[in-house]
Amino acid sequence: MAEASRIFHSTLFPTLSLQLSKPCYNSHVYPSLSLKKAPRPVQCSVSTSETKSTSSNATQEVPWGCDIDSLENAEALQKWLSDSGLPPQKMAIDKVAVGERGLVALKNVRKGEKLLFVPPSLFITADSEWSSPEAGQVLKQYSVPDWPLLATYLISEASAQKSSRWCNYISALPRQPYSLLYWTRAELDRYLEASQIRQRAIERVTDVIGTYNDLRLRIFSKYPDIFPEEVFNMETFRWSFGILFSRLVRLPSMDGKVALVPWADMLNHSCEVETFLDYDKSSQGVVFTTDRAYQPGEQVFISYGKKSNGELLLSYGFVPKEGTNPSDLVELPLSLKKSDRCYKEKLEALKKHGLSASQCYPIQITGWPLELMAYAYLAVSHPSMSKQFDEIAAAASNKSTIKKDLRYPDIEEKALQFILDSCESSISKYSKFLQASGSMDLDVTSPKQLNRRVFLKQLAVDLCTSERRILFRAEYILRRRLRDMRSGELRALRIFDGLRNIFK
C-alpha cells in the first residue's frame, strides 16, 4: 500500500514513540513488537552488536513476490479474488503516477459511495488456516502474539507456493517493500542524520531483528523440520514485517481485529482525503466511503491516518510533496545542560515522571505541545525554583493526566530562547545535509544500486526539506515573540527612567 513516492504553544500534540498509537479514525496500526508472556514464553531481546552487524549488510531479495511497479501478477490476482468471492468492482489495479501501482476507477464514482466489499473469507488474520498445520500449532502452543505470528504465517504461505490458497496474493506483493527496514545502517546514518526519524527507524529494525532472533532461538531451532533456516531467516522476516507495517489494518467495527485485506491494500494514500477502511456489518465486508467523486481512469485514494511525513516514510517508503500534509511535524530534541548547577535535581524530577535529560517533542506548522514549553521552563529555571521542579517536570510529561499550561513570566524569555537555540541547532543540521546532498558520492557501480541510492537520497531530501520548513516557521514565531517581549521591556524601562527623571 503506497508502494512508492512521491498560536503558538497552545495546541497539544502527542509525543511520538516507536509504539504508534492509533487514532480512532485510522485503520492502520503499528504495535510494539515485544512478545507477550505465555506459559512457554517467547520474549523479544536483542543486543546492540547484533543489530549493527545485521543491519549494516545489504539486504537480499526474497524468492517470491514481484517488482514493486509490476502488473504481471495483477490479472491473476483479480481473477483469483473474483473466483474467491470478491464482488464485481468499480476499480482495477493499474500503474499510477502516485504509488507506481494503485486502484483506478473503471466507472464514474459518486461522492459518498461505498466501494470494495472485501468479505472476511479473503482476510488474512491470526485465525487463518495454515497450509502447514504443524507450524500453526507450534506457534499457538507458544502463545506467539498476532504480529510475529502473522509475519511467520506470511513466510510459511509464501514458501508453500501454489499449494497455498494465498499464492496469487503473495505473488502480487512487492518483493522488496519501500520501507526503512530495507535501508542499511550506513544509509540511515548518511541520509537521515539530521532527522529524528533515523532513530525511530533504528529502533524499529532493532525490534524486528530481536523478534526474529527470539523466535529462532526459542522455537525455530527446536523444530528445524517445520521451520528450516533457508526459509525462516532474517531476510524473509524483514520482508514479512515490511508487508505488515505497510499493509496491516485494524478494523474498529470488528473489535479492533488486525488483518491483511487483499485488494484493499492496493489503495494508495492521499493527504487530501479522510476516508478510511473499516468493516461494514450491513454488507459484511471491508469498505470505504468516498469523500469525493472520481472519473474513469482516475486513481482512487484513502487516508492512512494523520501521520507526519517521517511516519509515512518509516512504514510506507514515501514522502508527500512539501506543504501538502497538514499532519506533518518534526521532532525537536531538547536537552538539559550538564553545566546547570541544578542538573541532578532536575534530572531526578524528570526521571520521576518517566523522562530523561534528553527529550524529543513534536512541532507542527501551527505550534507545539504544552509539554515542550514546560520542559524549556525546567531547563532554564534557577535554583530558587527548586521546590517547583517536580511540578514543572510533571507538566513536561505526556503521561500526566492533568495538562497544565504553566506560566513563569520571570523566565519565559529564557525558555523561549532555549527553544529557539534548539530550533536553530536542528536547522543547521538540516541545512548542512541539504547543501551536501547535491555533491554526495553515491559510490556504486551497479546501475540498479545506483537507481536505488538516488531514490533513497531523494526521499531523504524531501523529508529534510519538509521538516526544516516547519522549524523555519517555529523559528520565525519565536523570534517575533522574543522581539515583542524585549521591545516591551525596553519601553517599560524608558517610561521608568522618564518618571525617575521627573521626580529628581
Side-chain angles (χ1 to χ4, degrees), residues 1-6 26-28 65-124 166 168-175 177-178 243-251 259-280 283 285-305 307 312 315-318 320:
M1 190 177 282
E3 296 161 321
S5 94
R6 263 274 165 262
N26 176 19
S27 60
H28 289 71
C66 63
D67 290 339
I68 205 154
D69 61 348
S70 172
L71 294 178
E72 61 180 325
N73 299 316
E75 186 177 345
L77 173 62
Q78 288 180 276
K79 184 178 185 306
W80 171 74
L81 287 167
S82 297
D83 294 342
S84 301
L86 185 73
Q89 300 287 305
K90 281 191 172 183
M91 300 176 293
I93 302 172
D94 204 349
K95 288 190 177 182
V96 291
V98 179
E100 295 196 353
R101 293 188 306 181
L103 295 184
V104 300
L106 294 175
K107 302 177 181 179
N108 287 319
V109 176
R110 302 184 309 276
K111 179 180 178 181
E113 187 170 350
K114 289 185 178 180
L115 298 179
L116 283 178
F117 304 103
V118 181
S121 60
L122 291 176
F123 300 175
I124 294 179
W166 306 109
N168 287 295
Y169 172 60
I170 291 171
S171 296
L173 292 174
R175 188 176 293 118
Y178 281 141
I243 295 297
L244 295 184
F245 277 120
S246 61
R247 292 169 178 267
L248 199 68
V249 296
R250 185 188 297 279
L251 303 171
L260 288 170
V261 185
W263 185 255
D265 61 7
M266 290 291 178
L267 286 159
N268 287 318
H269 169 83
S270 171
C271 299
E272 297 177 356
V273 303
E274 296 184 357
T275 188
F276 57 92
L277 299 174
D278 197 5
Y279 181 73
D280 181 60
S283 59
V286 162
V287 304
F288 71 96
T289 303
T290 59
D291 57 5
R292 51 156 292 189
Y294 293 94
Q295 301 295 321
E298 281 191 287
Q299 183 176 185
V300 180
F301 293 101
I302 61 168
S303 171
Y304 295 174
K307 293 179 170 59
L312 292 170
S315 292
Y316 304 103
F318 73 94

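Because the structure is predicted, anything quoted here is derived from the model rather than measured.
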Walk me through whether Val300 and Lys90 qualify under side chain to side chain contact (heavy atoms under 4.5 Å, CB included). CA-CA 10 Å; Val300 180; Lys90 281 191 172 183; over 6 Å; no
Taking it one step at a time, do Ile124 and Tyr169 satisfy side chain to side chain contact (heavy atoms under 4.5 Å, CB included)? CA-CA 11 Å; Ile124 294 179; Tyr169 172 60; 3.8 Å; yes
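Across all non-hydrogen atoms, the minimal contact from Pro174 to Arg247 is CD-NH2, 3.4 Å. Taking both residues in full, the closest heavy atoms of Pro262 and Leu122 are given as CD-O, 2.9 Å, listed atom of the first, atom of the second, then distance. The minimum heavy-atom distance between Asn168 and Ala76, with the atom names listed, is OD1-CB, 3.7 Å. Between Ala172 and Leu77, the closest heavy-atom pair is CB-CD2, 3.8 Å. The nearest pair of heavy atoms linking Phe117 to Pro87 is O-CD, 3.3 Å. Closest approach of Thr290 to Thr275, counting heavy atoms only: N-OG1, 4.3 Å.
By the ring-ring contact (aromatic ring centres under 6.0 Å, His included) test, Trp80 is found to be paired with Trp166, residues two or more places apart in sequence or in another chain being considered. Residues meeting the side chain to side chain contact (heavy atoms under 4.5 Å, CB included) test with Pro120, sequence neighbours left out: Phe123, Tyr279. Every residue meeting the side chain to side chain contact (heavy atoms under 4.5 Å, CB included) condition with Leu71, not counting sequence neighbours, appears here in chain and number order: Ala74, Ile93, Asp94, Lys95, Arg101. In terms of the side chain to side chain contact (heavy atoms under 4.5 Å, CB included) criterion, residue partners of Ala92 (sequence neighbours excluded) are, by chain and number, Gln78, Leu106. Residues forming a side chain to side chain contact (heavy atoms under 4.5 Å, CB included) with Ser270 (at least two apart in sequence, or on another chain): Glu272, Val273, Phe301.
In terms of modelled atom types and a separation under 3.5 Å, the side chain of Asn73 and the main chain of Ser171 share a donor-acceptor contact. Checking side-chain atoms of Arg175 against main-chain N and O of Gly65 turns up a donor-acceptor pair under 3.5 Å. Using modelled atom types, no side-chain atom of Ser315 and backbone atom of Leu312 make a donor-acceptor pair closer than 3.5 Å.
Atom CG of Asp280 and atom CZ of Phe288 lie 13.0 Å apart (nearest 0.5 Å).
Looking at heavy atoms from C-beta onward, Leu267 lies in side-chain contact with Leu277 at the 4.5 angstrom threshold. Counting only heavy atoms from C-beta outward, the side chains of Val249 and Asp278 never approach each other to under 4.5 Å. With contacts defined as side-chain heavy-atom distances shorter than 4.5 Å, the pair Leu86/Val118 qualifies. Put simply, the side chain of Lys307 does not reach to within 4.5 Å of the side chain of His269, judged on heavy atoms. Considering only heavy atoms from C-beta on, Leu115 stays 4.5 Å or farther from Leu103 through its side chain. Proximity of Gln89 to Trp263: side-chain heavy atoms (C-beta onward) are separated by under 4.5 Å at one or more points.
Sorted by first then second residue, the salt bridge (Lys or Arg N to Asp or Glu O under 4.0 Å) pairs that include residues 295-304, not counting sequence neighbours, are Arg292-Glu298.
Annotation for Glu113: atom CD counts as buried by contact number, over 12 foreign heavy atoms lying within 6.0 Å.
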